[in-house]
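Below, chains carry the letters A, B, ... as their sequence lines are ordered, and counting in each starts from 1.
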Amino acid sequence: MGGLIAQIIMKYSKLADVYEKLEFTSSKLEKTDIISEFLKETPEDILKIVSMLLTGQVFPEWAELELGVGPSLLYDTISFVTGVKPAEIKNLLAKEGDIGNVTEKILKKKVQHILFKKELTVEQVYTSFERIARAYGSGSQNKKVKYLAELLSNASPKEAKYIVRIVLGELRIGVAEGLVRNAIAKAFNIEVNLVERAFMLANHIGIVAKAAKNGKDALEKIRIKVFIPIRPMLAQIAPDIQHVLKELGEAAMEIKYDGARVQIHKKGDEIKIYSRRLENVTEALPDIVKMAREAIKADEVIIDGETVAIDTATGKPRAFQEILKRFRRKHNIAGMLEKIPFETYIFDVMFVNGKETIDMNFRERRQVIEEVIKPVKGKFGTAEQIITSDFDEAEKFYHHALNKGHEGIMIKNLKAPYIPGARVGYMYKIKPTMETLDLVVIGATWGTGKRSGWLGSYFLGVRDEITGEFLPVGRVATGLSEEQLKELTSSLKPLIEYEEGQKVTLKPMLVVEVAYQEIQRSPNYKSGYALRFPRVVRIRDDKSSREADTKDRLISLYNLQATSEKKKLDL
DNA sequence: TGTGTCTGCCCC
DNA sequence: ATTCTGC
DNA sequence: GCAGAATGGGCAGACACA
């Protein structure tokens, strides 16, 4: 036994070297090779941890543990260790674009007066993360800073770089679950599909890696179990109905509810509910638990659905914000339950009475759902569905969904199994095309990672005709190609009025056309409104800020949203 | 005790 | 969530 | 087409601090 102990120790510097190699390798196949070789030589005892750390994760999704360290506490920690003030760290970050690189640089400059640093092992780093996560209650932030500071003090600049990135969940080495999954398959000579399936069910890449090392049989032992959440199936965005129907032929169409995903597990009287990211949200949703108990007519099931807040007076779905008020609530749950009642619609099933149903095709699964669920009207039921290959019928259903105030429709391949993630040919979502506003860029923040050196996010303003001011309506950061980012940065640089950390204030001159799904009331922006899912569709070089959209127009568009929904109701 | 800030593989 | 990019 | 990365609004909870 004694001899083995020496073997299972892996220095963290070894992992850091691998991180570095991966960061500077662009080929995915090469990355997979590197990871695969590394996994092969990783002792079984730490294979779990190492596989997780390779994806940049510390804890699995379903674990209750969270680090509870974000940028602010991290900068305090780096400051504590290096003596560089947080404000200066932010300035360096604005220039450098990566907190890991900033930390590495600062530490390299620092005189190494600790001569006898401990050499960190992978396990020590992981144990430190656990300690940080476990600190809670009064004084816990100080503790977290202390533990992390200890860790960083014992780390080389390179090691610190990756520790710091992991803390913020920004490993940025071009490796995540997908490549590690492929590497596991390669390392232990198992088909990727099998590894993927196991991962979908275990939700822990480390557990999968360990099982794979023990062979195909061990992997196949990972099965669906009630109260162990499964990675949900996701949809792709489709350009239009026609496109999807042409590909799928006959397909199922369902209403796309603007709510939150719920995965409901039941065994006997016990029910648990998991969110899309597999968080246990049972406590916040006692009404769903109650309804599920009433509506589910099988002893043991795992089902997938969407819960949505419906205005009982009008029968219309309420703003998504209302759902957020309840979804992860811990206090006054009962009080909010009456104010914001939920309706839940089930659209898939993964497990019934000891049997996996994920390999059945969707048509068969829908049948199972209908057998298992006896709807409780207006509370708990199956997603409204039609099956058709006819475009007009599909179109009619789409408008039916919109008229009821929903987001759009889902179109599903009747032959597809239940598989995690979003893939072509399985499940599509269709939403109306967005409206746009011409807004003025009034500020920006310096980008990070692949946006280092460019302005990466842009504050938007609407024109106030009376005062001539530009009132903030939020920010936008997507829809821009790298070329456009470069272009925007160079045209905005001369307009910079002042900078602080990553934030930049700009003379309001440049106009940008921004698409969005919805205008929301906002407590966070001075205009009182914000855009949901904003993205740039065009840089309006042809427009001056005086020609930008006004606050009045914004408000009338917002009101139109509400009235058009009301109109739809009247139909 | 009230308020402000930070955090979340959060929800979308 | 949306979008872009390299493989 | 997949996988990864860089970003959006907004909510409650948790903690710090006055």
OP1 or OP2 of [N] sitting under 4.0 Å from any side-chain N/O of [X]?
X: A/Arg277; N: B/dC10; answer: yes
X: A/Gln520; N: D/dG10; answer: yes
X: A/Arg521; N: D/dG10; answer: no
X: A/Ser140; N: D/dA14; answer: no
X: A/Ser27; N: C/dG6; answer: no
X: A/Gln236; N: D/dC2; answer: yes
X: A/Gln321; N: D/dC11; answer: yes

Specify the separation, in whole Å, of atom [atom1] of [X] and atom [atom2] of [N].
X: A/Lys330; N: D/dA12; atom1: NZ; atom2: P; result: 14 Å
X: A/Phe533; N: C/dC4; atom1: CZ; atom2: P; result: 16 Å
X: A/Arg181; N: D/dA3; atom1: CZ; atom2: C1'; result: 9 Å
X: A/Gln517; N: D/dG8; atom1: CD; atom2: C1'; result: 12 Å
X: A/Leu73; N: D/dA16; atom1: CG; atom2: P; result: 9 Å
X: A/Tyr525; N: D/dG9; atom1: OH; atom2: P; result: 4 Å
X: A/Glu196; N: D/dA3; atom1: CD; atom2: P; result: 7 Å
X: A/Arg535; N: D/dA6; atom1: CZ; atom2: C1'; result: 16 Å

Regarding C/dT2, can its base be found pairing with the side chain of A/Thr478 as donor and acceptor, where the two atoms are less than 3.5 Å apart?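 When only heavy-atom distances are counted, A/Thr478 does reach the base of C/dT2 through a donor-acceptor pair under 3.5 Å.
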
Its dot-bracket string being built from Watson-Crick and G-U pairs below 3.5 Å, with | for another strand and [ ] for crossing, DNA chain B has the pattern ||||||||.|||

**Item:** CA sep, side-chain torsions, deciding dist, call: A/Gln57, A/Thr55, side chain to side chain donor-acceptor pair (under 3.5 Å)
**Value:** CA-CA 5 Å; A/Gln57 293 172 271; A/Thr55 70; 2.9 Å; yes

Assert: residue with more 5' nearest nucleotide on DNA chain D, out of A/Phe320 and A/Tyr136, is A/Phe320

| query | Are a donor atom and an acceptor atom from the side chains of A/Glu343 and A/Tyr257 found within less than 3.5 Å of each other? | reply |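 On atom types as modelled, these side chains do not qualify, holding no pair under 3.5 Å.
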
Ranking D/dA12, B/dC10, C/dC7 by distance to the side chain of A/Lys28, first place goes to C/dC7

A/Arg535 NZ/CZ over A/Tyr516 ring centroid, <6.0 Å and within 45° of normal | no

### Task
Measure from NZ or CZ of A/Arg181 to the centre of the six-membered ring of A/Phe199 and say whether it is under 6.0 Å with the direction within 45° of the ring axis.
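The answer is no, since A/Arg181 fails at least one limit relative to A/Phe199.
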
TODO: Classify the nucleic acid contact of A/Val69 as base, sugar-phosphate or nothing, counting any heavy atom under 4.0 Å across all strands shown.
DONE: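 It contacts sugar-phosphate atoms only.
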
*asked:* Base, sugar-phosphate or nothing for A/Val536? Non-hydrogen atoms, less than 4.0 Å.
replied: nothing

Test side-chain hydrogen bond (donor to acceptor under 3.5 Å, both in side chains) applied to A/Thr445 and A/Arg475, A/Arg451, A/Gln502, the passing residue: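 The side-chain hydrogen bond (donor to acceptor under 3.5 Å, both in side chains) with A/Thr445 is passed solely by A/Arg475 among A/Arg475, A/Arg451, A/Gln502.
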
Under the rule for salt bridge (Lys or Arg N to Asp or Glu O under 4.0 Å), what residues qualify as partners of A/Glu23, not counting sequence neighbours?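 Partners of A/Glu23 under the salt bridge (Lys or Arg N to Asp or Glu O under 4.0 Å) test: A/Lys161, A/Arg165.
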
Taking a pair to mean Watson-Crick or G-U wobble geometry with both distances below 3.5 Å, D/dA3 pairs with C/dT5

